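Below you'll find the structure, written out as structure tokens, and then a few comments.
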Amino acid sequence: MIAFSIEKDYINRMPTEFLEKKIFEIFQFLKLDPQPDLSVYIGSDMQLKKLNSQYRGINQPTDVLSFESIGFNPETGNHHLGDIAISFEKVEKQSKDAGHPAENEMVLLLVHSILHLIGFDHQNNSEKESMWKKQLEILDLLDVKIQRISGYEDFHD
């Protein structure tokens with residue numbers, strides 16, 4: 001089960017059916033079977049700044065945050081993979097700066113976050129290379145085109 005929580009200002013700007021379909025395709029590509037539960041929050045820069053400050057000690061907005069879970073959903077019995085928080089304002093800005101649609105940016109951030117939730121990271125060059133390669137594989141599989149511009153791969157999560 002994918003649970004969405006979207007701030008009212010953004011509720012009609014990114015269809016949850018589209019996002020849910022992409023998330024299930026990501027799970028399928030990663031061979032996450034049975035498919036885990038996931039919570040996705042889409043909010044403002046202000047909300048992401050609060051979360052970033054609270055959980056990472058960084059008092060500035062960010063595009064995406066990932067929070068691992070080790071529990072199970074009592075309603076479904078499925079493993080709860082974790083929670084993802086995304087700034088819709090950052091999605092719009094980053095997609096405009098990169099020259100691709102906001103939907104593609106949102107999928108990029110979902111792929112990035114889900115990879116974090118299953119253990120990928122980018123703390124050093126080797127990890128970063130591995131994560132970026134997997135990220136691009138998934139985006140290609142999903143037929144999601146992103147513009148690669150200098151420095152674009154430096155995420156802020």
Side-chain angles (χ1 to χ4, degrees), residues 1-7 10 14-43 47-58 60-88 90-91 94-95 98 100-148 151-157:
M1 181 174 96
I2 309 298
F4 289 96
S5 176
I6 303 175
E7 284 186 23
Y10 313 114
M14 189 66 60
T16 56
E17 299 82 17
F18 167 79
L19 298 176
E20 187 171 46
K21 180 179 184 280
K22 292 300 181 188
I23 290 168
F24 283 127
E25 290 173 356
I26 295 165
F27 287 171
Q28 188 174 27
F29 177 79
L30 293 170
K31 296 178 176 53
L32 300 180
D33 189 28
Q35 292 184 342
D37 291 344
L38 180 70
S39 298
V40 179
Y41 168 77
I42 299 173
Q47 285 304 112
L48 269 283
K49 179 180 178 179
K50 285 180 186 178
L51 291 170
N52 205 20
S53 179
Q54 180 179 355
Y55 291 101
R56 295 181 63 219
I58 300 172
Q60 63 186 27
T62 188
D63 53 1
V64 63
L65 292 167
S66 306
F67 303 96
E68 266 185 87
S69 174
I70 56 171
F72 286 83
N73 181 334
E75 292 176 23
T76 65
N78 293 345
H79 168 71
H80 183 76
L81 188 61
D83 305 308
I84 296 172
I86 297 174
S87 165
F88 194 82
K90 290 273 190 248
V91 166
Q94 290 174 181
S95 65
H100 55 244
E103 292 83 2
N104 293 14
E105 184 72 19
M106 183 68 76
V107 173
L108 169 64
L109 294 178
L110 287 169
V111 168
H112 187 81
S113 297
I114 291 169
L115 286 174
H116 273 304
L117 293 176
I118 65 167
F120 281 81
D121 212 338
H122 46 85
Q123 296 300 314
N124 61 50
N125 285 339
S126 175
E127 289 178 346
K128 184 176 178 179
E129 183 179 333
S130 176
M131 186 170 182
W132 266 235
K133 182 180 177 185
K134 181 64 76 175
Q135 203 166 256
L136 291 174
E137 270 181 60
I138 296 168
L139 291 170
D140 285 344
L141 173 83
L142 299 174
D143 199 29
V144 172
K145 307 296 183 220
I146 60 166
Q147 300 298 318
R148 297 184 189 105
Y152 184 71
E153 64 278 354
D154 294 327
F155 289 86
H156 304 286
D157 66 334

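Since the model is a prediction, treat every value here as computed from it, not as a measurement.
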Have a look at Leu48 and tell me which of Thr62, Val64, Asp63 forms a side chain to side chain contact (heavy atoms under 4.5 Å, CB included) with it.
Thr62
With side chains defined as the heavy atoms from C-beta onward, is the minimum distance between Leu117 and Ile84 less than 4.5 Å?
yes
Mind checking the CE-NE2 spacing from Met1 to His80? Nearest 0.5 Å is all I need.
9.0 Å
Going from NZ on Lys22 to CG on Leu139, what distance comes out if it is rounded to the nearest 0.5 angstrom?
9.5 Å
Considering residues, nucleotides and ligands other than Asn125, do more than 12 of their heavy atoms fall under 6.0 Å from its CG?
no
How long is the span from the CD atom in Gln28 to the CG atom in Leu141, to the nearest 0.5 Å?
8.0 Å
Hey, mind stepping through Lys21 and Glu25 against salt bridge (Lys or Arg N to Asp or Glu O under 4.0 Å) and telling me if it holds?
CA-CA 6 Å; Lys21 180 179 184 280; Glu25 290 173 356; 2.8 Å; yes
For the OG atom of Ser126 and the CG atom of Asp121, what is their distance to the nearest 0.5 Å?
11.5 Å
Under a 4.5 Å cut-off applied to non-hydrogen side-chain atoms, are Phe120 and Lys134 in contact?
yes
Can you find a pair of side-chain heavy atoms, one from Lys90 and one from Glu105, that are under 4.5 Å apart?
no
Could you grab the distance from atom CZ of Phe29 to atom CD of Glu137, nearest 0.5 Å is fine?
4.5 Å
For a 4.5 angstrom cut-off between non-hydrogen side-chain atoms, does Val91 reach Ile86?
yes
Quick check: does any side chain N or O of Ser113 sit under 3.5 Å from a backbone N or O of Leu109, one acting as donor and the other as acceptor?
yes
Separation between CD1 (Ile23) and CG (Leu110), nearest 0.5 Å, reads 5.0 Å
Minimum side-chain heavy-atom gap Ile146-Val107 below 4.5 Å
no
Any non-hydrogen side-chain atom of Gln135 less than 4.5 Å from a side-chain atom of Leu108?
yes
Minimum heavy-atom separation for Glu20 to Phe4, with atom names?
N-CZ, 3.8 Å
If only atom types and distance count, is the side chain of Asn104 paired as donor or acceptor with the main-chain N or O of Val144 below 3.5 Å?
no
Whether Asn52 side chain and Gln60 backbone form a donor-acceptor pair below 3.5 Å
yes
Is any side-chain heavy atom of Leu65 closer than 4.5 Å to one of Tyr55?
no
Considering all heavy atoms of both residues, which atom of Asp83 and which atom of Ser39 are nearest to each other, and what is their separation?
OD1-CB, 3.0 Å
In this structure, which one of His116, Lys128, Glu127, Glu129 forms a side chain to side chain donor-acceptor pair (under 3.5 Å) with His122?
His116
Closest heavy-atom contact between Met14 and Leu19?
CG-CD1, 3.6 Å
A side-chain contact here means heavy atoms from C-beta on lying under 4.5 Å apart; do Phe27 and Ile2 qualify?
yes
